[in-house]
Amino acid sequence: MEFTARQLAELVHGTVEGDGNVTINTYSKIEEASKGSLTFLANPKYTHYIYTTEASAVLVHNDFVAEQPVSATLIRVEDPYSTLAQLLNMVQEALNPRKRGIEQPSYVSEGVTLPGDIYLGAFAYIGKNVKIGSGVQIYPQVYIGDNVVIGNNVTLYPGCRIYHGCQIGNNCIIHAGVVIGSDGFGFAPHNGDFIKISQIGNVVIEDNVEIGSNSTLDRATMGSTIIREGVKLDNLIQIAHNVEVGEHTVMAAQVGIAGSTKIGKNNQFGGQVGVAGHITIGDNNGIGAQSGIPNSIGSNMRVIGAPAINALEFARQQVYFKRLPEMANDIKRLKKELEEIKNK
């Protein structure tokens, strides 16, 4: 596909500064861009690249002020990053059009009604009493257990597993290898052994949720494990039984949330964060990568470390941590001097 900068600006309600007739046929990072590509500038750390980039056009913020000449055409928009996302979604839809039809072999239990616009890939399995909305894309080797409810415009990528009784809202994307509704980790100690505690609850996923590849969401012991509207989960994430994740919370890869923890809305979790069970996390928190959260925390906090502490305090501690060898040598020297004074 090829567009002029002016055509792209019209698509995203931007304004052109420079040659509006320059043609765009690909997308690139600003430091790697070549002629014919569109790139963007959203992070100030990359500003210096705009003066050397070979891109034909650059998405910039409305208030961007160039300190040197820029050879590329500028497309000024309110938010370059979200604008790029909008354009890339258009490309994705053009390159990967929605599929329709039922491939064979696949299995659909008797009595299940499939919408006319469904795509059901080969070797998929749909259990009893399953309800599926319109516009659903079910890729090959997907397993959907009995009594599952799936909303409209849901995409289930290859090999994901939805256990019995779970519910998925509208406009959700579930990537390859995800397991929703496997048993929570529940065992009761008894006479030196462990008795399995049956997990009779389910998992409820609300609208506009995306779950990355090979993540696992355990069913509740009783009640529901709940993923609220707009949550975005990266790959390889573990959500334990009876956890609740609040609206528009995002988690990077390898986050692990232990059982019965309640997480508020608009939280951001860095990679490999570990959260203890039966605690509460408030709203609007930023939790740094590899942090350990052993106790409940409030709202509007920035924490990092294991155990996690205020991010500014952590930064101060790191300064001293780097100086520990030097400080240890100073202590040894001072002890030696004190001993010499004492002996005199």
Side-chain angles (χ1 to χ4, degrees), residues 96 98-186 196-227 231-243 245 253 256-257 259:
N96 299 284
R98 295 177 66 84
K99 298 184 177 184
R100 291 186 65 168
I102 299 174
E103 298 175 353
Q104 296 298 336
S106 57
Y107 179 82
V108 181
S109 294
E110 186 176 354
V112 173
T113 301
L114 299 179
D117 60 353
I118 195 171
Y119 165 63
L120 182 64
F123 300 101
Y125 176 98
I126 298 179
K128 299 176 181 178
N129 303 315
V130 170
K131 293 181 173 54
I132 299 176
S134 63
V136 171
Q137 306 269 286
I138 301 174
Y139 280 76
Q141 298 184 336
V142 169
Y143 170 86
I144 301 174
D146 297 346
N147 302 304
V148 167
V149 177
I150 297 174
N152 301 322
N153 302 312
V154 170
T155 300
L156 304 176
Y157 280 108
C160 66
R161 310 299 195 234
I162 317 296
Y163 281 38
H164 62 279
C166 293
Q167 301 175 21
I168 299 176
N170 302 316
N171 307 312
C172 292
I173 300 173
I174 313 297
H175 285 279
V178 168
V179 178
I180 296 172
S182 52
D183 278 359
F185 191 67
K196 182 176 176 62
I197 300 172
S198 295
Q199 309 291 291
I200 63 172
N202 71 345
V203 176
V204 174
I205 297 173
E206 295 186 347
D207 297 347
N208 303 307
V209 170
E210 183 161 353
I211 301 173
S213 300
N214 294 319
S215 293
T216 56
L217 287 71
D218 291 346
R219 69 191 314 107
T221 307
M222 293 174 281
S224 298
T225 300
I226 303 175
I227 309 300
V231 167
K232 312 298 181 188
L233 304 181
D234 198 357
N235 305 326
L236 297 168
I237 284 175
Q238 158 67 10
I239 304 293
H241 61 86
N242 292 96
V243 166
V245 180
I257 311 296

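Note that the structure is a prediction, hence the values are computed from the model and not measured.
- Looking at residues two or more places apart in sequence or on another chain, you find no side chain to side chain donor-acceptor pair (under 3.5 Å) involving Gln137.
- The two residues Lys196 and Asp183 come nearest to each other via the heavy atoms NZ-OD2, 2.9 Å.
- Between the OG1 atom in Thr155 and the CD1 atom in Ile168 there is a gap of 11.0 Å [rounded to 0.5 Å].
- Ser182 is linked by a side chain to side chain donor-acceptor pair (under 3.5 Å) to Asp218, counting only residues two or more places apart in sequence or in another chain.
- How far CG of Asn235 is from CG of Asn214: 7.0 Å, rounded to the nearest 0.5 Å.
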Please step through side-chain contact (heavy atoms from CB on, under 4.5 Å) for the pair His175 and Ile211, ending with a clear verdict. CA-CA 6 Å; His175 285 279; Ile211 301 173; over 6 Å; no

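- Atom-to-atom distance recorded for Asn208:CG and Ile173:CD1 is 9.5 Å, nearest 0.5 angstrom.
- A distance of 10.5 Å separates CZ in Phe185 from CD1 in Ile197, rounded to the nearest 0.5 Å.
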Check: residues 156-167 side-chain donor-acceptor pairs under 3.5 Å, at least two apart:
from, atom 1, to, atom 2, distance (Å)
Arg161, NH1, Gln141, O, 2.5
Arg161, NH1, Gly159, O, 3.0
His164, NE2, Arg219, NH2, 3.3

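- Applying the side chain to side chain donor-acceptor pair (under 3.5 Å) criterion to Asn202, with sequence neighbours excluded, gives Ser224.
- For Gly259 against Ala240, the heavy-atom pair with the smallest separation is N-CB, 3.4 Å.
- Residues passing the side chain to side chain donor-acceptor pair (under 3.5 Å) test with Ser213, sequence neighbours excluded: none.
- The backbone N or O of Asp207 sits nowhere less than 3.5 Å from a side-chain atom of Asn171 that would complete a donor-acceptor pair.
- Under the side chain to side chain contact (heavy atoms under 4.5 Å, CB included) test applied with Leu217, the options Ile237, Ile205, Val243, Ile257 reduce to a single match, Ile205.
- Looking at Asp234, its side chain does come within 3.5 Å of a backbone N or O of Ala253 through a donor-acceptor pair.
- Rounding to the nearest 0.5 angstrom, the gap separating the CG atom in Leu114 from the CD1 atom in Ile138 is 7.0 Å.
- Taking both residues in full, the closest heavy atoms of Ile239 and Leu233 are given as CG1-CD1, 4.3 Å, listed atom of the first, atom of the second, then distance.
- To the nearest 0.5 Å, atoms CD1 (Ile180) and OG (Ser215) are separated by 9.5 Å.
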Show every donor-acceptor pair shorter than 3.5 Å between a side-chain atom in residues 116-129 and any protein atom, with sequence neighbours excluded, or say none if there are none.
from, atom 1, to, atom 2, distance (Å)
Asp117, OD1, Gly135, N, 3.0
Asp117, OD2, Gly135, N, 3.0
Tyr119, OH, Glu103, OE1, 3.4
Tyr119, OH, Glu103, OE2, 3.1
Asn129, ND2, Asn147, OD1, 3.3

